[in-house]
Amino acid sequence: MSAAGATDGRSRRRRWRRWAVAALALGAYPAFVLGATYVHFFQAHLPGGRNGPADAYRHSLASAIVAYTLSPRCVDWVTHVMEHDGVGNDGRAMDAHNNLLGARIGSAARSWSDMQAAIRDAVRNGAVDANDPDRITWLPPSRWQNRLY
């Protein structure tokens with residue numbers, strides 16, 4: 001093999017390694033957020049894994065974690081992409097509402113434990129179809145599903 005061919009092969013391997021490292025780094029943050037969220041989700045033992053208090057807790061906590069560790073703007077972007085800004089159905093509206101409240105809590109938190117306590121308090125004070133932007137909301141119990149997502 002010529003010197004130019006060997007150099008080209010090393011260059012491709014280096015590019016591949018850079019892409020692999022970037023992909024791992026980009027995947028690590030979502031894994032951290034999901035892991036931290038689900039650890040607390042399972043400890044909370046709340047009903048309504050989908051559309052109920054557990055779903056509201058999961059959305060608000062994940063959003064608080066992202067706002068606390070990165071920025072509430074990231075939560076806005078994810079809410080736009082994943083929940084279509086709450087447009088389309090009442091489940092999306094509930095999730096978008098709770099994402100935005102979680103982001104406000106996370107961005108104002110002074111510590112990790114303060115953030116978690118504020119989310120727990122918000123869920124404890126939540127209600128069915130709450131319209132108050134400072135109150136966690138969920139759908140009526142007839143709409144709850146026992147799911148993890």
Side-chain angles (χ1 to χ4, degrees), residues 10-149:
R10 280 193 298 265
S11 177
R12 270 187 258 152
R13 283 192 298 275
R14 273 191 230 131
R15 265 189 304 231
W16 169 249
R17 275 189 236 137
R18 285 185 194 134
W19 279 106
V21 168
L24 285 172
L26 288 173
Y29 183 74
F32 157 73
V33 172
L34 289 171
T37 299
Y38 273 93
V39 162
H40 294 285
F41 170 80
F42 287 122
Q43 292 172 348
H45 302 290
L46 292 167
R50 179 79 173 154
N51 298 327
D55 192 15
Y57 178 67
R58 187 178 61 251
H59 276 266
S60 59
L61 179 60
S63 297
I65 291 170
V66 170
Y68 181 78
T69 59
L70 282 181
S71 166
R73 294 189 72 182
C74 295
V75 176
D76 292 341
W77 180 80
V78 169
T79 300
H80 174 73
V81 171
M82 301 291 290
E83 306 299 346
H84 305 279
D85 292 323
V87 176
N89 63 55
D90 51 359
R92 277 190 181 147
M94 177 195 89
D95 292 343
H97 173 96
N98 293 330
N99 286 357
L100 298 178
L101 178 54
R104 284 198 313 274
I105 290 170
S107 64
R110 291 185 312 239
S111 71
W112 183 261
S113 60
D114 286 349
M115 176 211 40
Q116 292 173 350
I119 292 294
R120 284 191 303 271
D121 288 344
V123 173
R124 235 186 321 277
N125 295 315
V128 171
D129 295 329
N131 290 322
D132 182 347
D134 295 321
R135 193 167 190 194
I136 294 287
T137 188
W138 50 80
L139 300 182
S142 62
R143 302 280 309 278
W144 298 356
Q145 298 172 11
N146 289 326
R147 291 175 30 185
L148 299 179
Y149 58 92

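Every value quoted in this text rests on a predicted model; they were computed, and no experiment measured them.
Here the side chains of Leu46 and Val123 are in contact, with some heavy-atom distance below 4.5 Å. The side-chain heavy atoms of Leu101 and Ser60, taken from C-beta on, include no pair separated by under 4.5 Å. You'll find the side chain of Ser63 stays beyond 4.5 Å of the side chain of Leu100, heavy atoms only.
Checked by atom type and distance alone, the side chain of Trp144 pairs as donor or acceptor with a backbone atom of Leu139 at under 3.5 Å. A donor-acceptor contact shorter than 3.5 Å is absent between the side chain of Asp85 and the backbone of Val87. Looking only at distances, no side-chain donor or acceptor of Tyr57 sits under 3.5 Å from a matching main-chain atom of Phe41. Here the side chain of His97 pairs a donor or acceptor atom with the backbone of Arg135 at under 3.5 angstrom. In this structure a side-chain-to-backbone donor-acceptor pair under 3.5 Å is missing from Asn99 to Thr79.
The NE2 atom of His40 sits 11.0 Å away from the CD1 atom of Ile119 when rounded to the nearest 0.5 Å. Atom NE2 in His80 sits 12.5 Å away from atom CE in Met82 (nearest 0.5 Å). Between atom CD of residue Gln43 and atom OH of residue Tyr38 there is a gap of 14.5 Å, rounded to the nearest 0.5 Å. Atoms CE and CG, on Met94 and Asn89 in that order, are 10.0 Å from each other to the nearest 0.5 Å. Atom CH2 in Trp77 sits 13.0 Å away from atom OG in Ser71 (nearest 0.5 Å). Note that the CZ atom of Arg14 and the CZ atom of Arg17 stand 7.5 Å from one another [nearest 0.5 Å].
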side-chain contact (heavy atoms from CB on, under 4.5 Å) assessment of Leu70 paired with Ile65: CA-CA 8 Å; Leu70 282 181; Ile65 291 170; over 6 Å; no
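Residues Phe32 and Thr69 come closest through the heavy atom pair CE2-CG2, 4.2 Å. Between Asn98 and Ala56, the closest heavy-atom pair is ND2-CB, 3.4 Å. Nearest heavy atom pair, residue Met115 against residue Gly106, reads CG-CA, 4.1 Å. Between Pro141 and Val128, the shortest heavy-atom contact is CD-CG2, 4.3 Å. Across Gly91 and Asn51, no two heavy atoms sit closer than the pair CA-OD1, 4.2 Å. Summarising the geometry of Glu83 relative to His59, their closest heavy-atom pair is OE2-CE1, 3.2 Å, with the distance given to 0.1 Å.
Asp134 CG: more than 12 foreign heavy atoms inside a 6.0 Å radius. For His84, the NE2 atom is densely surrounded, since the number of other residues' heavy atoms within 6.0 Å is greater than 12.
Comment: Arg58 engages Asp55 in a salt bridge, judged by a side-chain N to carboxylate O separation of less than 4.0 angstrom. For Asp121 and Arg124, the salt-bridge test passes: some basic side-chain N is under 4.0 Å from an acidic carboxylate O.
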